[in-house]
Amino acid sequence: MITVTFPDGNQRTYDEGTTAMDVAMSISHGLARNILSGTYDGQTIELNDPLITDGTLQFFTWNDDGGKKAFWHSSAHVLAQAILHFYPEAKLTIGPAIEKGFYYDVDFGDEMISEKDFEKIEKQMMEFARQKFEFKLRAVTKAEALEAYKNNPYKTEIIENLEDGTITFCDHADFTDLCRGGHIPHTGYIKAVKIMNVAGAYWRGDENKPQLTRVYGVSFMKAAELKEYLELLEEAKKRDHRKLGKELELFTFSQRVGQGLPLWLPKGAMLRERLENFLKRAQNKAGYSPVITPHIGNKELYVCSGHYSKYGKDSFQPIHTPEEGEEYLLKPMNCPHHCELYKATPKSYKDLPVRFAEFGTVYRYEQSGELHGLTRVRGFTQDDAHIFCTPDQLKDEFKNVIDLVLYIFKTLDFKDYTAQVSLRDPEKPEKYIGSDENWVKAEAAIIEAADEKGLNTAVEYGEAAFYGPKLDFMVKDALGRSWQLGTIQVDYNLPERFELEYKGSDNQEHRPVMIHRAPFGSMERFVAVLLEHCGGNFPLWLTPEQVKILPVSDKYNDYAKEVAQFLEISDIRALVDERNEKIGRKIRDAEVSKTPFMLIVGEKEVDSGQLSVRRHGQGDQGAMSKEKFIKLIADEVSQLIE
RNA sequence: GCCGGUAUAGCUCAGUUGGCCAGAGCACGUGAUUUGUAAUCUCGGGGUCGUCAGUUCGAAUCUGUCUACCGGCUCCA
């Protein structure tokens, strides 16, 4: 008999050789139907394998990451089986589960595979799924494994790195794959599958190694779930900032201007300006001093900062002047300029902290394949600031920055966010610069600051920058996708390199600590994320056009213009639709352009002096006085922006 | 940068196996209409089919080149 312990502490005894699935059945048939995988004493097991020792058994269902992982990993086996069915010469490599679905990297040799082939692969996978093939893990010796894969250099490479005695194969039907396990009981659990796309991927992620074809797929236990997932993708497509940016006339790109260089159209520029002004006001209150620095800097500046040796190849090529040997760079970051500003006047401890803020446009030569809409570009504007303070002030300054970031998230309706604290890798102190004492102080300051602000943080070791620890903010948008936005970083490197100093109360020179911070990250990226988050329906205070005035016929155009002027006096952005169109048409166009408010003016309104108000997506709101309408908007704006 | 895909009017897209002046809807301009809560009708202008070269009697269509865009290149059996 063996004793099985469950996570809740309950224990039951079973005959030796009972399978995990038998155990589940003994608890309830419902559980047995839903479990996809499990662990025994923390080790991944196959549900159909016998249990032979006492241990702790944990089950995973679709609602657990472990369950999904087993499901998708098993689906990858079926994908491989289907691929071999059509391409017997293909060489399999690896096929893991990923965050949403799975992939298999395959060397197809001379064969090509494209979207046209997806359907037949899907059909074949479903055919295999219907046959409820059991997944069975079996141990093999290293020699056997190498023999089985003697024609597959990828699997051979993997096997060679494994210990003899730990190697297992997974069989289902007549298909065998090298695999360490963690499967669903049989293929029949797979009720829906979709091949998403194919892409190139290097063997082991190394660009010097052969390039394989990566086939991405996703599968579900219910056909309805696949449908739901595809609908979510559709929704994401509709919210794609590149599509909305074009439709709402916010920004564009030009092949002639160059890759990754966004051009802001008037509506987009005004939107961005509003965001900038919003942050400027908040920063003024928080004691920041605005500064302005040029777009280029002498190459020596970046040699001094260390950026040139580290990031020189990611910069645009140096700009040469008529002087022999003189070189300038388009600035890839603002910090060196700000360090020079700090040095412009002698500092005493009484002057600190100094907080220099600049919407600084920087240029970086991103690889062409990395460029993506506004989220990855070659020219962008950081909402940058550098705080120079004493080590003792670090924690308070850090907390103030956290407050600023959270204020921005709150105002822009990002309710769901997490913070990642990135610390040194304790194993590799040689990777970092700065004294151990300062690191200890800085890391403690960040952790305490985050704790005291009640942040939901995850600590990552080894993720710190070489010059200091940092705190990054990740937000979730309305569709549940994560984006990295703001960042706060501590830096000991630049003050050292630029020999920044302040006179302490002891009349000695001391080195300040620097904080780099950008709550938005970059204006481009932030606008992209905001656009996808709100689906183009910007908060009232940000939206390019707040009100569209729609005259019932052109007889009322003059009156409509009077109303517009009246609103403009109250700082409301209003436009009159003067086109010779029917009112229904004007309403439709205003709705499509996502204008928050529409005012219909005709004979009734001229006579009564009232306004007929319509709200985007909500329809007719009835009549109200001009004063009441202005107050309605003002109240909503002040409520949003506090 | 690398792999795969895509490129036709301002936008979204048709364009059969190469064959006369390359099409539609929307947008834009014109005229009519004077409209009451999600698309009024009329007429019209607009494209060297991304670039450069090649195959062919003939290329939007086939081949190569370059450029841009889209998906991917971290997830280790």
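Quick note on labels: first sequence line is chain A, next is B, and so on, each numbered from 1.
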Undergrad: Taking only side-chain N and O atoms of A/Tyr202, does any of them lie within less than 4.0 angstrom of OP1 or OP2 on B/G1?
TA: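 It does not, given that no N or O in the side chain of A/Tyr202 lies less than 4.0 Å from OP1 or OP2 of B/G1.
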Undergrad: Find the distance A/Leu212:CG to B/C76:C1' and express it as a whole number of Å.
TA: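 These atoms are roughly 12 Å apart.
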Undergrad: Expressed in whole Å, how much space separates the P atoms belonging to B/A53 and B/C66?
TA: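 These two P atoms come out 15 Å apart once rounded.
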Undergrad: How would nucleotides 35-42 of chain B be written as a contact map, 5' to 3', with B for base contact, S for sugar-phosphate-only contact and - for no contact, using protein heavy atoms under 4.0 Å?
TA: BBBBBB--
Undergrad: Rounded to the Å, how far apart are A/Glu247 CD and B/C26 P?
TA: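 Roughly 17 Å, once rounded to whole Å.
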Undergrad: Please give the distance between the C1' atoms of B/C69 and B/U51 as a whole number of Å.
TA: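 B/C69 and B/U51 have their C1' atoms separated by 15 Å.
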Undergrad: Assign each of A/Val198 and A/Arg204 to its nearest nucleotide of RNA chain B by heavy atoms, then name whichever residue's nucleotide is nearer the 5' end.
TA: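 Result of the comparison: A/Val198.
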Undergrad: Is the A/His183 ring parallel, tilted or perpendicular to the A/His73 ring (thresholds 30°, 60°)?
TA: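 Rings of A/His183 and A/His73: tilted, as their planes differ by 30° to 60°.
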Undergrad: Can you check the distance between B/G15 and B/C52, where both ends of the measurement are the P atom (answer in whole Å)?
TA: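 About 25 Å, rounded to a whole number of Å.
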Undergrad: Output yes when a side-chain donor or acceptor of A/Trp72 lies under 3.5 Å from a complementary backbone atom of A/Ser219, and no otherwise.
TA: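 Flag set: sc A/Trp72 to bb A/Ser219 pair under 3.5 Å.
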Undergrad: Should the pair A/Phe133 and A/His172 be assigned to parallel (<30°), tilted (30 to 60°) or perpendicular (>60°) ring geometry?
TA: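 Ring orientation of A/Phe133 relative to A/His172: tilted.
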Undergrad: Could you walk me through whether A/Phe71 and A/Tyr189 pass the ring-ring contact (aromatic ring centres under 6.0 Å, His included) check?
TA: CA-CA 8 Å; A/Phe71 188 84; A/Tyr189 284 64; 7.5 Å; no
Undergrad: Check the side chains of A/Asp177 and A/Tyr104 for a donor-acceptor pair under 3.5 angstrom, ignoring hydrogens and angles.
TA: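 Present: a donor and an acceptor within the cut-off.
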Undergrad: To the nearest Å, give me how far apart CG (A/Leu233) and C1' (B/C70) are.
TA: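 Taking atom C1' of B/C70 as the reference, CG of A/Leu233 is at 15 Å.
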Undergrad: If you measure from the C1' atom in B/C62 to the same atom in B/U17, how many Å do you get, rounded?
TA: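 To the nearest whole Å, 12 Å.
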Undergrad: Taking the C1' atom in each of B/G25 and B/A14, what is the distance between them to the nearest angstrom?
TA: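 One C1' to the other, the span is 11 Å.
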Undergrad: Pick out which of A/Leu540, A/Val613, A/Leu599 makes a side-chain contact (heavy atoms from CB on, under 4.5 Å) with A/Val547.
TA: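 Considering A/Leu540, A/Val613, A/Leu599, a side-chain contact (heavy atoms from CB on, under 4.5 Å) with A/Val547 is found only for A/Leu599.
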Undergrad: Do any N or O atoms from the side chain of A/Glu249 and from the backbone of A/Leu265 form a donor-acceptor pair under 3.5 angstrom?
TA: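 Checking the backbone N and O of A/Leu265 against the side chain of A/Glu249, no donor-acceptor pair under 3.5 Å is found.
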Undergrad: Can you pull out the residues from residues 94-106 of chain A that lie within a 4.0 Å heavy-atom distance of RNA chain B?
TA: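 Listed by number, they are A/Ile94, A/Ala97, A/Ile98.
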Undergrad: Need one value for A/Leu162: base, sugar-phosphate or nothing, where a base atom within 4.0 Å counts as base even if backbone is also close, heavy atoms only.
TA: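 Touches a base.
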Undergrad: Going by side chain to side chain donor-acceptor pair (under 3.5 Å), name the pairs with one or both residues in residues 599-612 of chain A, residues two or more places apart or in two chains.
TA: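 Residue pairs passing side chain to side chain donor-acceptor pair (under 3.5 Å), neighbours aside: A/Glu605-A/Ser612.
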Undergrad: Would you please say whether a donor-acceptor pair under 3.5 Å links the side chains of A/Ser422 and A/Gln420?
TA: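 Present: a donor and an acceptor within the cut-off.
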Undergrad: Anything under 3.5 Å between a protein N or O and an N or O of nucleotides 43-52 of chain B, put it in a table, one pair a line.
TA:
none

Undergrad: Is it true that the side chains of A/Gln489 and A/Thr487 contain a donor and an acceptor less than 3.5 Å apart?
TA: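 Side-chain D/A pair, A/Gln489 to A/Thr487: present.
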Undergrad: So what stems show up for RNA chain B if we need 3 or more Watson-Crick or G-U pairs in a row, all under 3.5 Å?
TA: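 Consecutive-pair runs (3 or more) involving RNA chain B: B:1-7 with B:67-73, B:10-13 with B:23-26, B:52-54 with B:62-64.
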Undergrad: If I pick the C1' atom on B/U61 and the same atom on B/C49, what distance separates them, to the nearest angstrom?
TA: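 It works out to 10 Å between them.
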Undergrad: What's the NE2-P distance between A/His372 and B/A68, to the nearest Å?
TA: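 Computing the A/His372:NE2 to B/A68:P distance gives 17 Å.
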Undergrad: Under 4.0 Å from OP1 or OP2 of B/U12: is there any side-chain N or O of A/Lys246 that close?
TA: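 For B/U12, OP1/OP2 do have a side-chain N/O of A/Lys246 under 4.0 Å.
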Undergrad: Using ring-ring contact (aromatic ring centres under 6.0 Å, His included), reason through A/Phe597 and A/Phe629 one step at a time and then give a plain yes or no.
TA: CA-CA 10 Å; A/Phe597 286 99; A/Phe629 179 69; 5.5 Å; yes
Undergrad: In whole angstrom, give me the gap between the C1' atoms of B/A68 and B/U55.
TA: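 Their C1' atoms lie roughly 26 Å apart.
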Undergrad: Starting from C1' on B/G5, measure out to CD1 on A/Ile195 and report it in whole angstrom.
TA: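 So the CD1-C1' distance, A/Ile195 to B/G5, works out to 17 Å.
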Undergrad: Rounded to whole angstroms, how far apart are CZ on A/Phe251 and C1' on B/C69?
TA: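 After rounding, the gap between these two atoms is 14 Å.
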Undergrad: Just the rounded figure in Å: distance from C1' of B/C76 to NZ of A/Lys69.
TA: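 Rounding to the nearest Å, NZ of A/Lys69 and C1' of B/C76 are 10 Å apart.
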Undergrad: Of the residues in residues 138-149 of chain A, which ones touch RNA chain B at a heavy-atom distance under 4.0 Å?
TA: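 Nothing qualifies; none.
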Undergrad: If I pick the P atom on B/U6 and the same atom on B/A39, what distance separates them, to the nearest angstrom?
TA: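 To the nearest whole Å, 38 Å.
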Undergrad: Just how far, in rounded Å, is P of B/G5 from OH of A/Tyr216?
TA: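 That distance rounds to 17 Å.
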Undergrad: Can you tell me if A/Trp483 and A/Glu532 form a side-chain donor-acceptor pair at under 3.5 Å?
TA: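 The criterion, which ignores hydrogens and geometry beyond distance, is not satisfied for A/Glu532 and A/Trp483.
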Undergrad: Evaluate the criterion ring-ring contact (aromatic ring centres under 6.0 Å, His included) for residue pair A/Phe169 and A/Tyr149; output intermediate values, then yes/no.
TA: CA-CA 11 Å; A/Phe169 278 7; A/Tyr149 281 111; 5.7 Å; yes
